[in-house]
Amino acid sequence: MTEPTGRRRPTRVALFITCLGDAFYPQVGEATVRLLHRLGIAVDFPLGQTCCAQPAFNAGFHDQARLVAQRNLTLFADYEYVVVPSGSCTAMIRLFYPDLFAEAPQLHQQAESLAARTYELSEFLLNIVGTDDVGAAFAGKVAYHASCHLQRELGVTEAPRRLISRVAGVEACDAEMSEQCCGFGGTFAVKYPEISSAMLEKKIASLQRAGADTLVSCDAGCLMHIAGRLRRQGMDVRVMHVAELLNAGHNAEEPRHAPGN
Amino acid sequence: MSNQEAFLARVRQALQTGGQSHHAEAVSAENGEVVSLVAEGEDLAARLQRELEGVGGSVARVKHVAEAAQYVTRLAKEKGAEVVVRWQSDLLDTLEIDDALQAGGAKVHTASPTSAAEADNRRQEMRDLLARADLGLSGVDAVIAETGTLMLTAQPGQMRGVSLLPPVHVAVARTDQVVATFADALRTVRQAGEDVQQNLTSCISFVTGPSRTGDIELKLTVGVHGPGELHLVLLDEPGA
Amino acid sequence: MHLGTEGFQDHARQALKDEPLQNALHLLTAEFVPRRVAAMQALGDPEALRTQARAVKEQAIAQLDTYLEQFADNLDKLGAHVHWAHDDAEARDIITSIAQQAGAKVIVKGKSMAAEEIHLNPHLEELGYEVLETDLGEYIIQLAEETPSHIIAPAIHKTRQQIAALLHDKLGDPYTEELTDMTQIARRALRQQFLRADVGITGVNFAIADTGSIVLVTNEGNGRLSSTLPRVHVALMGMEKIVPRLDDLPVMLKVLTNSATGQKISSYVTMITGPRRAHDLDGPEELHVVVMDNGRSNILASENREALYCLRCGACLNVCPIYQNIGGHAYGWVYPGPIGAVLTPLFTGLDTAKHLPRASTLCGACREACPVKINIPHMLLNLRRQSVSRGDASAGEGRLFSLWAWVMRHPGLYRLGLKLARLGQTPFARRGWLGKLPPPFHSWTQSRDFKAVAPQSFRDRWQATLQYEQPSRNGAGGGRHE
């Protein structure tokens with residue numbers, strides 16, 4: 001992780017919204033843009049972007065993954081920082097792009113370069129911008145769900161927790177299983193629905209034991225998975241992306257609360 | 001059957017094929033040095049006692065040889081021991097315990113060192129005795145404070161079975177035999193002389209508490225194969 | 001009972017409905033996970049220790065040929081016999097001929113995953129030997145005619161009542177559910193066999209190259225009995241069990257027992273250096289060490305070499321959210337859990353085991369728990385890639401990903417796709433969620449709703465308004481900065 005000390009505060013970043021964020025959670029991207037704006041950081045959104053290529057990569061279809069990933073090498077070539085509101089997609093770019101292009105020296109170099117410039121949102125705020133208090137306000141008992149790739153591939157464990165704890169009005173109530181996988185795993189949830197659901201049940205039970213009324217995470221995939229079950233069960237727990245929480249109290253359009261929305 | 005050369009040739013071939021992509025950290029001789037959890041200047045005997053009791057062993061601290069002998073005799077009586085098999089070692093001999101045990105109703109058999117030829121004759125007899133023994137009495141080669149572990153080598157006078165077959169194992173040690181860590185215990189073997197293989201003896205048993213299992217519903221039960229009780233008598237008499 | 005790995009899906013489904021198994025798994029998770037975490041924390045700097053332990057394995061494997069040779073030379077000096085087995089059949093034959101030459105009738109066995117790997121028991125039994133597992137868990141499994149479901153807690157899937165009934169039925173002792181009594185029943189039965197046995201077979205936890213010693217790590221003492229009482233001791237080891245030096249033992253032992261059971265050390269650590277010596281009054285007359293390849297050299301040559309660093313501690317099983325839900329038998333072969341999902345296809349081939357690398361969310365809890373930091377999730381990814389390249393994926397899946405890649409490379413098409421999805425979902429969407437999805441995604445909605453595509457995607461919002469918004473000039477954002 002880069003140390004913020006002695007480093008110029010970033011003034012401009014490119015946003016990689018991720019396909020899930022774009023199609024299902026546009027409000028997350030919106031919150032991310034406004035949050036960065038409030039911190040004085042200009043945001044570019046290269047319109048050619050689509051997906052990080054992780055679904056194909058994880059399924060073992062590296063040729064297809066390479067085709068999609070290669071476009072991102074070019075699209076984001078000129079940005080000093082690329083900010084991604086997802087630990088999973090950041091891990092894809094930072095860890096697996098270089099592997100994916102290991103055989104092609106020039107592309108590999110580009111992949112290494114992009115990997116070094118790409119940050120998940122919460123680590124970007126804490127480590128690069130150097131802030132743990134973004135002036136947000138939200139009243140609720142918030143449990144944090146540590147998404148797997150964020151905590152175990154990127155090693156980002158502290159940043160989201162610190163940022164969440166500094167939001168005015170938040171009562172942090174970590175579920176004892178906050179580090180346990182929710183069972184999403186991309187296509188895993190579809191290929192092994194029974195196992196995936198059993199994992200999700202346990203996750204939700206721990207959330208209930210914690211007495212949380214709001215669940216926050218850094219990855220839309222987990223949120224969609226957990227919220228999908230909460231909604232099916234008719235449970236009244238809000239599910240929010242960390243960007244929404246960190247922009248709460250500022251957005252004209254307050255985050256609408258899942259389940260239901 | 002494969003022979004050694006063919007087997008190793010395949011290994012060599014595989015190492016070369018997979019060679020480039022794998023990283024191997026250079027390891028120095030010091031790599032095995034593990035940070036000791038025993039603090040500098042910590043009372044080793046106290047630590048040993050805490051650790052061994054923590055895993056279900058019992059530790060008796062005694063001041064004199066006579067006290068040690070009394071403790072063992074009383075324990076044998078308590079257990080109703082009729083057959084006792086013991087190591088032969090200088091420390092155990094100084095306890096002069098055989099008569100006391102016999103007076104208490106136990107028959108004592110000693111695994112005394114013998115010639116190689118004699119050993120061949122005595123094995124079956126000793127094995128039969130151990131199979132019936134109610135209590136095994138041994139010394140130690142070292143005791144490890146960090147984990148509460150007895151180090152027992154196999155050599156003339158020191159049968160493996162004494163600490164293994166009877167339901168109760170009693171070991172007598174002097175406090176100056178207590179070392180801080182496992183690595184320290186291994187060093188005592190190394191330092192004993194040049195030939196490491198010789199010093200390692202045919203078998204070193206590191207024993208930490210009674211025999212235990214968690215194989216039924218992960219619940220701890222003792223005495224499944226080895227002794228269900230382990231008693232350490234720690235004699236705090238230098239040079240005893 | 002041999003399940004086979006092809007049936008993974010079905011076995012997993014059955015396991016999820018198996019109530020005693022679910023209770024056992026709950027217990028396992030509740031007991032082992034916190035125990036290991038607390039034990040590793042108590043070691044001061046567990047990370048440094050894991051780095052050290054990994055370095056030992058890296059070096060041992062990188063120069064495996066040298067260390068194996070050294071190990072064999074040292075055993076030779078001690079008068080022990082070294083045997084080399086290229087595959088499972090050779091290993092079985094070697095052990096059989098040792099038993100034959102020993103004139104054996106009764107064989108006692110300590111716990112050995114390597115022996116499970118070569119299906120040694122059925123083979124020896126077929127030849128007329130009386131073979132007894134002596135680890136309590138393995139003994140229970142043998143009485144029940146099942147296979148282990150956990151590397152270090154083989155009978156974890158059986159309840160106390162089931163075991164009590166088994167002991168009563170098979171041994172004829174009065175029925176009891178008292179743990180101490182049950183244990184004593186097994187002790188008595190097995191002690192008789194130990195005294196009768198001609199050959200003792202054990203596994204090996206560590207094989208020390210520079211002394212020729214083998215190390216057994218046990219809690220019950222059956223490993224000690226198996227290697228002490230019978231006239232002949234056979235130690236079967238995968239060739240990767242080597243550590244270079246005696247001095248490596250303290251660190252390896254520490255990470256092994258703390259990771260496996262949360263113990264600072266196991267009740268017994270037995271370091272055997274050759275057969276009994278002339279003056280010894282007990283110990284085996286003959287020591288045979290069988291070094292087994294059985295597919296390991298293929299792993300050594302592959303990108304998944306680090307699978308050979310595995311110490312068989314079982315820590316990755318205990319933390320794995322998949323294993324926690326389905327247990328060990330669903331994996332269908334000797335090694336279950338995350339490391340099993342790697343080892344099984346590496347040992348038995350992807351033909352039958354292609355499901356296993358896919359049955360993972362790649363959450364990485366296994367890597368975090370591993371005492372030698374084996375990167376299991378990345379090896380699962382390697383195996384998935386290999387599996388696809390050799391044509392294991394269905395034609396449908398291949399087409400789907402090719403279509404996906406084509407759409408994702410063309411933002412216009414991608415946009416059109418979103419539009420079509422929006423249109424298609426309109427009749428079904430309720431307040432932004434879908435209760436049912438069409439195949440092949442319908443399995444998602446069996447238990448969960450699925451998010452509907454948003455009426456306006458982010459890029460629509462960006463183009464409509466967001467791109468014209470400006471960052472605040474002071475950049476304070478209402479917050480404090482460090």
Side-chain angles (χ1 to χ4, degrees), chain B residues 1-4 7-8 10-12 14-15 17-18 21-22 24-25 27 29 31-32 34-35 37 111 113-114 116 119 122-123 126-127 131 147 149 154 156 159-161 164 182-183 186 196-197 200-209 211-213 215-219 221 223-226, chain C residues 27 31 44-45 52 55-56 58-59 62 64-65 68-69 72 78 84 86 90 94 136-137 155 160 163 179-180 182-183 187 195 211 213 219-222 224-225 228 246-248 250-251 254 264-265 267-274 276-283 297 300-303 305:
Chain B
M1 312 282 145
S2 295
N3 60 32
Q4 179 171 339
F7 189 100
L8 292 178
R10 258 191 302 269
V11 172
R12 236 165 256 134
L15 281 168
T17 313
S21 55
H22 294 282
E25 198 80 56
V27 182
N31 185 66
V34 181
V35 178
L37 295 181
T114 54
R122 285 195 59 203
R123 278 190 197 105
M126 290 311 294
R127 179 187 166 106
T147 50
T149 302
M159 277 184 82
R160 305 181 196 186
L164 179 61
F182 191 88
L186 284 181
V196 180
Q197 281 193 329
L200 286 175
T201 73
S202 61
C203 179
I204 304 184
S205 302
F206 294 91
V207 176
T208 312
S211 152
R212 54 200 275 152
T213 183
D215 274 347
I216 304 176
E217 294 189 342
L218 298 179
K219 302 236 169 29
T221 323
V224 53
H225 284 301
Chain C
L27 189 70
E31 283 279 326
D45 190 350
Q52 255 180 312
V56 170
E58 276 178 2
Q59 194 187 41
L64 189 58
D65 53 340
L68 280 171
E69 199 165 11
L78 293 161
W84 306 89
H86 176 57
E90 273 192 13
I94 290 166
L136 180 59
R160 179 195 295 218
I163 296 167
L179 278 181
T180 318
M182 290 162 77
T183 307
R187 177 185 171 109
L195 290 165
T211 62
S213 307
N219 273 320
E220 298 183 356
N222 62 318
R224 285 185 74 193
L225 286 167
T228 300
L246 179 61
D247 290 337
D248 296 323
V251 65
K254 214 165 211 174
K264 290 173 187 162
I265 190 168
S267 299
Y268 302 114
V269 174
T270 310
M271 183 156 73
I272 293 163
T273 309
R276 78 159 180 245
R277 301 184 185 176
H279 296 266
D280 290 349
L281 284 175
D282 56 4
S297 52
L300 192 60
S302 79
E303 60 185 340
R305 178 183 285 183

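Chain letters run A, B, ... following the sequence lines, proteins first, then strands; residues in each count from 1. The figures here come from the full heavy-atom set of this structure, side chains too, leaving out hydrogens, waters and symmetry mates.
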(request) Identify the two heavy atoms, one from C:His279 and one from B:Thr114, that lie closest to each other, and give their separation to 0.1 Å. (result) ND1-O, 2.9 Å
(request) Between chain B and each of C:Arg224, C:Met182, C:Lys264, C:Glu31, count heavy-atom pairs under 4.5 Å; write down the option with the most. (result) C:Arg224
(request) Please state whether the side chain, the backbone, both or neither of C:Lys254 comes within less than 4.5 Å of a heavy atom of chain B. (result) side chain
(message) Rounded to the nearest 0.5 Å, what separates atom CG in B:Leu164 from atom CG in C:Asp282?
(response) 8.5 Å
(request) Could you tell me which portion of B:Ile204 (side chain, backbone, both or neither) has an atom closer than 4.5 angstrom to a non-hydrogen atom of chain C? (result) both
(request) Look at the side chain of B:Arg127 and the backbone N and O of C:Leu195, then say whether any donor-acceptor pair between them is shorter than 3.5 Å. (result) yes
(request) Go through the steps to decide whether B:Thr201 and C:Met271 satisfy the test side chain to side chain contact (heavy atoms under 4.5 Å, CB included), and finish with yes or no. (result) CA-CA 9 Å; B:Thr201 73; C:Met271 183 156 73; over 6 Å; no
(request) Find the distance between CG (B:Asp215) and CG (C:Leu136) and round it off to the nearest 0.5 Å. (result) 5.0 Å
(request) First locate atom OG1 of C:Thr211, then atom CG of B:Leu200, and finally report the distance between them rounded to the nearest 0.5 Å. (result) 5.5 Å
(message) Any side-chain to backbone donor/acceptor pair from C:Arg276 onto B:Cys203? Under 3.5 Å, distance only.
(response) no
(request) Provide the closest heavy-atom pair for C:Arg160 versus B:Glu217 in the form atom of the first, atom of the second, distance. (result) N-OE2, 2.8 Å
(request) Return the minimal non-hydrogen interatomic distance between C:Ala301 and B:Thr17, and the atom names on each side. (result) CB-CB, 3.9 Å
(message) Would you compute the distance between atom OG1 of B:Thr221 and atom CD of C:Glu220 and round it to the nearest 0.5 angstrom?
(response) 9.5 Å
(message) If you count heavy-atom pairs within less than 4.5 Å of chain B, which of C:Asn222, C:Thr270, C:Ile163 leads?
(response) C:Asn222
(message) Among B:Pro113, B:Ala116, B:Gly209, which residue has the highest count of heavy-atom pairs closer than 4.5 Å to chain C?
(response) B:Ala116
(request) For chain C, find which of B:Ala119, B:Ala131, B:Ala154 contributes the most heavy-atom pairs closer than 4.5 angstrom. (result) B:Ala119
(request) Measure the OG1-CZ distance between C:Thr183 and B:Arg212 for me, rounded to the nearest 0.5 Å. (result) 13.0 Å
(request) For the pair C:Arg187 (side chain) and B:Gly223 (backbone), establish whether a donor and an acceptor sit closer than 3.5 Å, ignoring hydrogens and angles. (result) yes
(message) If I take atom CD from residue C:Glu69 and atom CG from residue B:Leu8, how far apart are they, to the nearest 0.5 angstrom?
(response) 5.5 Å
(message) At a heavy-atom distance under 4.5 Å, which candidate from C:Ala72, C:Ser213, C:Gly137, C:Gly44 has the highest pair count against chain B?
(response) C:Gly137
(request) Check B:Phe7 against C:Leu68 and note the closest heavy-atom contact, atom names and distance. (result) CE2-CD1, 4.1 Å
(request) For the pair C:Arg277 (side chain) and B:Pro156 (backbone), establish whether a donor and an acceptor sit closer than 3.5 Å, ignoring hydrogens and angles. (result) no
(message) So for B:Met126, is it side chain, backbone, both, or neither that comes closer than 4.5 Å to the heavy atoms of chain C?
(response) side chain
(request) Take B:Val207 and C:Tyr268, measure what side chain to side chain contact (heavy atoms under 4.5 Å, CB included) needs, and give me the verdict at the end. (result) CA-CA 5 Å; B:Val207 176; C:Tyr268 302 114; 3.8 Å; yes
(message) Check whether C:Asp65 reaches the backbone of B:Arg12 with its side chain - one donor and one acceptor, N or O, closer than 3.5 Å.
(response) no
(request) Among the options B:Ser211, B:Ala111, B:Gly161, B:Ser205, pick out the one with the most heavy-atom pairs lying under 4.5 Å from chain C. (result) B:Ser211
